[in-house]
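Comments concern the structure below.
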Amino acid sequence: MTLPPFERFYDEHKEEIYAFLVRRLGRERAEDAFQETFLRALRAYPKLRHGEHLRAWAYTIASRIAIDEHRRPRADADLPELASLDGRPAFAQLEHLADELPPTERAAVVLRYGYDLDYADIGAALGSNATAARQAASAGIRRLRRKERR
Amino acid sequence: MTPVSAELDRRFRDAAATEHLLDVAYDLVDTPVGLLLVAATERGLCRIAYDAEPEQEVERLAHAFGVRVLRSARPIDPARRQLDEYFAGGRPRAAGGLQPPRAARARARALRRGRHLR
């Protein structure tokens, strides 16, 4: 699938990405995060080699930005730090580990365990539903375990 | 679901152009002869299409100039002002460094004389 013009990508995904960011951050902070998400996507866009999984890609960028937003110190909130074993954020550890999984399983595992998205959001990102997202994530985890045992 | 407001949408489209992230920007410009689709790269005006089908035109622009095509009013503003001057009958100034290509200038001259567009 060839990469569509950015206008089409933006037009197709802006509403759901904004809704996702509003759920994660509240309306006020979602606006800045929305702009940052699509500016970041625009910077990386010419490097994409094909037009597959663009929706999951957009959600991945938005999740990363939502996490950065959560980390920013705020006067009115005391947010817990994300669990991290070796100083690297969870998603950074997972992305490498999940590199060899099939694309859907990889997206489901990284979005679930790296970005802490719930299955309904992951289902939306993958163009399926919560049940399919849960199955893809557990299939991915099983595959990772088998790989680890080898 | 809260929709993306027109203001937020415009802010993103402006920022994309201001940060020089676009291969080509375009906008629809209302003129006395109808809606024109006007496109510009950072080097200047690159296309004026009359009676264009925006979706097809966007594909064409992506093919010719790169995939980062976005509708954005700001980069088209200088051309919009020039077109206003064309249609007001004044002499166009080279505003904002945008110089229409020869074909577009010829087309604008023809329009001023009331000839049909081809």
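Quantities reported herein were computed from a predicted structural model and do not represent experimental measurements.
When heavy atoms are compared at a cutoff of 4.5 Å, Phe38(A) approaches chain B by way of both its backbone and its side chain. Using a 4.5 Å cut-off between heavy atoms, Leu22(B) touches chain A through its side chain atoms alone.
Taking all atoms of both residues into account, the shortest heavy-atom contact from Pro75(B) to Ala17(B) is CG-CB, 3.5 Å. The two atoms that bring Ala62(A) and Ile17(A) nearest to each other are CB-CG2, 4.0 Å, heavy atoms only. The minimum heavy-atom distance between Cys46(B) and Val24(B), with the atom names listed, is SG-CG2, 3.9 Å. Counting all heavy atoms, side chain and backbone alike, Leu25(A) lies closest to Ala30(A) at CB-N, 4.2 Å. Scanning both residues, Leu101(A) and Gly140(A), for their nearest heavy atoms gives CD2-O, 3.8 Å.
Atom CG in Leu117(A) sits 4.5 Å away from atom OG in Ser63(A) (nearest 0.5 Å).
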For chain A against chain B, print all donor and acceptor atom pairs separated by less than 3.5 Å.
unit_1	atom_1	unit_2	atom_2	d
Phe6(A)	N	Val67(B)	O	2.8
Glu7(A)	N	Val69(B)	O	2.9
Glu7(A)	OE1	Arg13(B)	NH1	2.9
Glu7(A)	OE1	Arg71(B)	N	2.8
Glu7(A)	OE2	Arg13(B)	NH2	3.4
Arg8(A)	NH1	Glu59(B)	OE2	2.3
Tyr10(A)	OH	Asp9(B)	OD1	2.5
Lys14(A)	NZ	Asp9(B)	OD1	3.4
Glu15(A)	OE1	Val4(B)	N	3.0
Arg43(A)	NH2	Glu19(B)	OE1	2.7

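Both Ile67(A) and Val22(A) are assigned to one and the same hydrophobic cluster, defined by single-linkage of ILVMFWY side chains at heavy-atom distances under 4.5 Å.
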